[in-house]
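First comes the structure, then the notes that go with it.
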2 protein chains.
Amino acid sequence: MAASGTLDIFLRSTFGVEPGSHVGRELRDLSNEIALKKGKTAPLDHSINLTVYLASGATKLVAHAKGGREQIVAFHFGGDIISVPADAMHASSLVALKDSLLIVFPSREFYDRGASEPAILRPLLDRAQTALHRCRDKAVGLGRKNARERVASFLLSMAERMESVEEEALVLDLPMSRRDIADSLGLTIETVSRQFGELRDAGLVLTGGRSRVRLCDPAALADMAGHF
Amino acid sequence: MAASGTLDIFLRSTFGVEPGSHVGRELRDLSNEIALKKGKTAPLDHSINLTVYLASGATKLVAHAKGGREQIVAFHFGGDIISVPADAMHASSLVALKDSLLIVFPSREFYDRGASEPAILRPLLDRAQTALHRCRDKAVGLGRKNARERVASFLLSMAERMESVEEEALVLDLPMSRRDIADSLGLTIETVSRQFGELRDAGLVLTGGRSRVRLCDPAALADMAGHF
DNA sequence: CGCTTAATTGAGAGCCTTCAATCATCGTGG
DNA sequence: CCACGATGATTGAAGGCTCTCAATTAAGCG
């Protein structure tokens, strides 16, 4: 059960619910606040579906397949709501890309408490739809696009979801490593690196350090992303 | 606006809502019933998000990428609720695999009407979660599994969702073509066909005609599906 | 400033795709 | 009921894109 003001902010900003209200107190009782250091895996109960609010930071949701293979199923940023499924065909784990603050709820109880309060369920439903649509777009990339298109697509989607470092230009400070990008795009580190290189050679992006990427020509990137 | 009893069944079985109630009548006003012949694409308004109830039959949701590439994002069977997104990065279309009966709602209005009635939103949220989890499992397959694992995985997931033709044995009557399977698994028709052949040679499945598949050894299939 | 880890770059192999031909299935019409 | 035609499925050979393995370079932290 969380005690800090993080939950209060969550309840107010996402649902418009007063922390002191009946639902507010019920949800507080369900909640579990976790501060997660960069690179650490959240210690979660994987026997049930979980709903996680990412108050701050960035995370990746990783699905594990046989043979140590990993597929990153989604990235998350501050304010996102994450659905962590109970272990089924693939086990999953939630890992911090930066120091992060999580609030964890058991989904079933969360939905049950929220059922009386439409203000709860509606935003959750909208978020779930968004997550579903993102996952489908990812599936299209994984199933039908080549490495070039996947990387271009990835950069554009990150540009949509992250703040640009500079005012005038699109400069991203990617919190994830090349391995993370590869695991998200269904590629290898080497292939991702080669694609970055070719995009750089083509003048479409500039890279600085390990995490900095400048999108010089977003239109050209969009053109090669393979979107319909 | 639909007039038949199909909507009534939907409201009662899925939400426990009486068709004659206030919400029931509101939802009826929003609804649009479509009978779709096998192979036909549903004539939908792709400028907004849609929520579709598949009363009977089977459908595929196809996402289109540049160059005529298609990725089947999900299959659906009678009783399923389908979320059809407004055209964004990828246009999508809903196609009948068998003669099907659909009830179409604009998502926003549907959710708005349902917001007053928690019995509506909760099942929708659960369905959305299920769809999300399925899509993630698909993403793992598309990103990290070889052809063999994808086909084995596909057969098992179909076995979970469809009725077996025979009592004792797992015999499926697949409504989708090899092309559909390929478009769902991110492979080509030829590769899918070769995998079926090898599975047959290995004694794991038996095929009869174009659509009949008998799963002789589900355990062995599960073992080669690459699930964690 | 040095060390550890991540990223880049190169060469060769593998899995799936592409292209092409043959075969089977199933709906249709005689 | 069977022959026929059209579409779908199977099978084969060659090529391509990404992976794997290996070495080098760069980045970032102590």
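So you know, we letter chains A, B, ... as the sequences are listed, proteins then strands, and number each from 1.
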Does [X] have more than 12 heavy atoms from other residues, nucleotides or ligands lying within 6.0 Å of its [atom1]?
X: B:Arg161; atom1: CZ; value: yes
X: B:Lys98; atom1: NZ; value: no
X: A:Glu163; atom1: CD; value: no

Please round to the nearest 0.5 Å and tell me the distance separating atom [atom1] of [X] and atom [atom2] of [Y].
X: A:Tyr53; Y: A:Thr14; atom1: OH; atom2: OG1; answer: 4.5 Å
X: B:Ile103; Y: B:Ile9; atom1: CD1; atom2: CD1; answer: 8.5 Å
X: A:Ile34; Y: A:Leu54; atom1: CD1; atom2: CG; answer: 11.5 Å
X: B:Ile72; Y: B:Leu61; atom1: CD1; atom2: CG; answer: 9.0 Å
X: B:Ser177; Y: B:Asp183; atom1: OG; atom2: CG; answer: 7.5 Å

Tell me: [atom1] of [X] to [atom2] of [N], nearest whole Å?
X: A:Ile181; N: C:dA6; atom1: CD1; atom2: P; value: 14 Å
X: A:Ile189; N: C:dG10; atom1: CD1; atom2: P; value: 18 Å
X: A:Glu198; N: C:dT8; atom1: CD; atom2: P; value: 12 Å
X: A:Arg212; N: C:dA7; atom1: CZ; atom2: C1'; value: 17 Å
X: B:Arg178; N: C:dC23; atom1: CZ; atom2: C1'; value: 14 Å

Q: For the residue pair B:Arg212 and B:Thr207, confirm or rule out a side-chain donor-acceptor distance under 3.5 Å.
A: no
Q | B:Ser184 side chain to B:Lys138 side chain, donor-acceptor N/O pair below 3.5 angstrom | A | yes
Q. What residues in residues 149-157 of chain A put a non-hydrogen atom under 4.0 Å from any atom of DNA chain D?
A. none
**Q.** Earlier contact from the 5' end, DNA chain D, for A:Arg148 and A:Gly209
**A.**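 Result of the comparison: A:Arg148.
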Q: Answer yes or no: is there a donor N or O on one side and an acceptor on the other, between the side chain of A:Asn49 and the main chain of A:Pro85, under 3.5 Å?
A: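 No, because the side chain of A:Asn49 does not come within donor-acceptor range (under 3.5 Å) of the backbone of A:Pro85.
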[X] and [Y]: which non-hydrogen atoms are nearest, and at how many Å?
X: A:Leu172; Y: A:Leu155; value: CD1-O, 3.9 Å
X: B:Arg214; Y: B:Val171; value: CG-CG2, 3.8 Å
X: B:Gly203; Y: B:Cys216; value: O-CB, 3.6 Å

(Q) Can you give me the bend angle of the helix from C:dC1-D:dG30 to C:dG30-D:dC1? Use the axis through the first five pairs and the one through the last five, nearest 10 degrees. (A)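 The end-segment axes of the helix from C:dC1-D:dG30 to C:dG30-D:dC1 are tilted 50° relative to each other.
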All N/O pairs under 3.5 Å across the protein-nucleotides 17-20 of chain C interface:
| residue | atom | partner | partner atom | Å |
| --- | --- | --- | --- | --- |
| C:dT17 | OP1 | B:Gly186 | O | 3.4 |
| C:dT17 | OP2 | B:Thr188 | N | 3.3 |
| C:dT17 | OP2 | B:Thr188 | OG1 | 3.2 |
| C:dT17 | OP2 | B:Thr191 | OG1 | 2.5 |
| C:dT18 | O4 | B:Arg194 | NH2 | 3.0 |
| C:dC19 | N4 | B:Glu190 | OE2 | 3.0 |

Can you check nucleotides 1-4 of chain C for protein contacts, nitrogen or oxygen pairs under 3.5 Å, and list what you find?
none

(Q) Which residue is it: A:Arg134, A:Met158, A:Met162? I am looking for the one with a side-chain contact (heavy atoms from CB on, under 4.5 Å) to A:Phe75. (A) A:Met158
Q. Does any pair with a residue in residues 175-227 of chain B pass ring-ring contact (aromatic ring centres under 6.0 Å, His included), and if so which ones, sequence neighbours excluded?
A. A:His90-B:His227
Q: Would you mind classifying the nucleic acid contact of A:Ser193 as base, sugar-phosphate or nothing, using non-hydrogen atoms under 4.0 angstrom?
A: base
Q) First and last nucleotide of DNA chain D touching chain B, 5' to 3', heavy-atom cut-off 4.0 Å? A) D:dT7 to D:dA13
